[in-house]
J.: 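Got a structure for you, written out below as structure tokens; questions coming shortly.
Proteins get letters first, then strands, A, B, ... in listed order; numbering begins at 1 in each.
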Amino acid sequence: MNAPAPSRPVGLLAELTHRCPLGCPYCSNPLDLDARETELPTATWQRVFSEAAGIGILQLHLSGGEPASRRDLAELVAHAAKLGLYTNLITSGVGLNRAAVTKLAEAGLDHVQLSIQDSQPQSADHIAGYKGAFARKVEVASLVTETGLPLTVNAVIHRANVRRAGAMVELAVRLGARRVEIAHTQYYGWGARNRGLLMPSREEAEAAIEEVERLKTTLAGTIVIDHVAPDYHARYPKPCMSGWARRTLNVTPAGKVLPCHAAELIPGLEFWNVTQHSLEEIWNNSPAFNAFRGDEWMREPCRSCARKSVDFGGCRCQAFMLTGEAREADPVCHLSPHHRIVEEILAEARGEAAEPGAYAYRRMRPLPRSRGERLQGEDLDISAE
Amino acid sequence: MIDERALALSGASRPRLPRGVRLKHDDVRNEWLLLAPERVLKTNAIAVEILKRCTGEQSLDAIVDDLASTFTAERSTVEADVRTLLMELATKRLVDL
């Protein structure tokens with residue numbers, strides 16, 4: 001198969017670590033999380049950032065896990081800032097204090113994206129699986145804005161908070177955010193595992209969408225609302241990643257480079273690692289990146305569809321998860337011969353009540369050796385200095 | 001056409017790019033880009049000249065005067081361009097007025 005010549009990438013998602021104090025059941029990280037001792041060292045991340053700037057990456061998203069779990073975070077930010085990369089910290093807030101936020105601002109951080117789980121503290125803590133998380137986040141939001149850094153609040157919507165989508169936008173305004181992301185859950189990794197407990201009914205999802213769209217107008221000029229609609233309820237699939245390997249790449253804590261954060265769930269893809277290849281080589285030649293570039297790989301109905309350059313056949317990972325074949329159309333599309341699968345999932349979501357505490361919380365897997373127990377606890381130990 | 005809200009902007013306001021919004025010349029693509037949270041905006045030559053002047057030091061009126069004389073252009077045309085761009089970016093919270 002001849003993949004077309006790659007375009008220039010604009011964004012790099014650096015998953016600095018999979019360690020995270022929270023256990024959000026909608027997390028899109030893989031079930032098999034990278035252990036601390038496999039994480040790339042500081043110097044390797046810095047080289048990756050330099051290579052990223054060299055191939056035209058403009059924005060660097062420092063994510064995880066919780067990126068503040070890395071003690072070298074400010075050092076990494078400083079290096080990226082020196083290269084002129086736009087640095088965006090994607091954080092739970094837990095583990096950041098005044099000194100840490102000040103240090104990041106001084107290192108040249110451009111922007112902070114802070115997650116909130118709900119507008120009601122008790123529910124927020126239950127979703128995060130961490131008592132006191134909500135209060136810490138409110139505090140971190142004020143530290144960020146006091147430092148003069150721009151704040152975006154990110155809220156993932158699912159059954160437990162879908163009725164408060166509007167309230168979360170209002171909370172973001174109160175927290176001093178200039179921007180808020182209201183993102184309906186996408187079902188990858190832990191999110192896929194918890195799908196039965198996360199998916200809202202169609203009525204609830206539609207009411208939330210309408211409410212948030214209304215706020216977009218009334219709050220224009222106060223806060224920017226970026227709205228990610230729930231794709232299971234849509235007629236056409238989302239243009240996932242703006243097309244496979246077209247604009248962004250994702251580096252895992254251990255250095256594996258993926259076209260998207262969920263790509264590892266597709267069997268048979270060969271991923272290259274930054275410890276063995278330059279980012280440029282990977283972007284241009286890695287088999288995983290070339291697997292679904294362009295449209296040669298498409299089957300019908302995508303192949304002859306006028307929308308194939310609009311939504312790129314939707315999401316490869318979702319196509320694989322639901323149909324067992326990554327080259328199929330994303331079954332969210334009403335034109336997909338497998339669309340019935342999505343209809344059935346939606347029908348199941350209707351009226352099912354979530355049992356509190358029934359989530360499979362995101363947790364590191366204990367290592368299969370005697371140190372396992374201690375290491376498992378270590379994902380709660382994040383540096384607050 | 002310039003919209004009403006753009007017309008209502010005060011000529012004395014001092015527009016500036018807030019922290020988190022940066023005008024950058026991208027050497028790889030050889031073009032000026034406006035970098036913002038989760039956004040990269042392409043900018044045309046006129047927008048670049050306007051945005052370079054949004055430092056919080058010059059008033060909107062002064063920016064218009066400066067551009068009209070630098071590029072020997074009709075003041076009213078320049079003013080409409082400046083007001084339209086600033087209004088649009090302020091709505092997206094990419095410029096503070």
J.: Once rounded to the nearest 0.5 Å, what's the spacing between atom CD of Glu38(B) and atom CD1 of Ile90(A)?
T.: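 Atom-to-atom, Glu38(B):CD and Ile90(A):CD1 are 6.0 Å apart.
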J.: With chain A as the partner chain, list the residues of residues 48-78 of chain B whose heavy atoms fall under 4.5 Å from it, by residue number, and write 'none' if nothing qualifies.
T.: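 So no residue qualifies.
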J.: Flag the one option from Ile55(A), Thr152(A), Leu109(A) with the top tally of heavy-atom pairs under 4.5 Å to chain B.
T.: Leu109(A)
J.: For Pro37(B), is it the side chain, the backbone, both or neither that has a heavy atom under 4.5 Å from a heavy atom of chain A?
T.: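 For Pro37(B), backbone and side chain are both near chain A.
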J.: Looking at Lys92(B), Lys24(B), Arg22(B), which one has more heavy-atom pairs under 4.5 Å with chain A than the rest?
T.: Arg22(B)
J.: Knowing that exactly one of Leu94(B), Val21(B), Asp96(B) qualifies, which makes a side chain to side chain contact (heavy atoms under 4.5 Å, CB included) with Arg178(A)?
T.: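 It is Asp96(B); the other options fail the test.
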J.: Just verifying a value: how many Å separate Asn88(A) CG and Leu35(B) CG, rounded to the nearest 0.5 Å?
T.: 12.0 Å
J.: Closest approach of Ala220(A) and Thr91(B), non-hydrogen atoms and distance?
T.: CB-CG2, 4.1 Å
J.: For Thr222(A) and Arg93(B), which heavy atoms make the closest approach, and how far apart are they?
T.: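 What the structure gives for the nearest pair is O-NH1, 2.9 Å.
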J.: Mind ranking Arg8(A), His61(A), Glu181(A), Gln113(A) by heavy-atom pairs under 4.5 Å with chain B and telling me who comes out on top?
T.: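 With the most close heavy-atom pairs to chain B, the winner is Arg8(A).
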J.: Below 4.5 Å from any heavy atom of chain B, which atoms of Leu151(A) appear? Answer side chain, backbone, both or neither.
T.: neither
J.: Which is it for Asp226(A) and Arg39(B) under the salt bridge (charged side-chain N to carboxylate O under 4.0 Å, His left out) test, yes or no, and what are the steps along the way?
T.: CA-CA 11 Å; Asp226(A) 279 345; Arg39(B) 277 194 173 80; 3.5 Å; yes
J.: Just by distance, do the side chain of Arg19(B) and the backbone of Pro150(A) share a donor-acceptor pair under 3.5 Å?
T.: no
J.: So for Arg179(A), is it side chain, backbone, both, or neither that comes closer than 4.5 Å to the heavy atoms of chain B?
T.: side chain
J.: Using a 4.5 angstrom heavy-atom cutoff, name the option from Leu58(A), Val10(A), Val224(A) with the most pairs to chain B.
T.: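 Counting heavy-atom pairs under 4.5 Å, the top option is Leu58(A).
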J.: Say you draw a straight line from OH of Tyr86(A) to CG of Leu34(B); how long is it, rounded to the nearest 0.5 Å?
T.: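 Reported to 0.5 Å precision, the distance equals 9.5 Å.
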J.: For the pair Gln59(A) (side chain) and Ala36(B) (backbone), establish whether a donor and an acceptor sit closer than 3.5 Å, ignoring hydrogens and angles.
T.: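 Pair found, side chain donor or acceptor close to backbone of Ala36(B).
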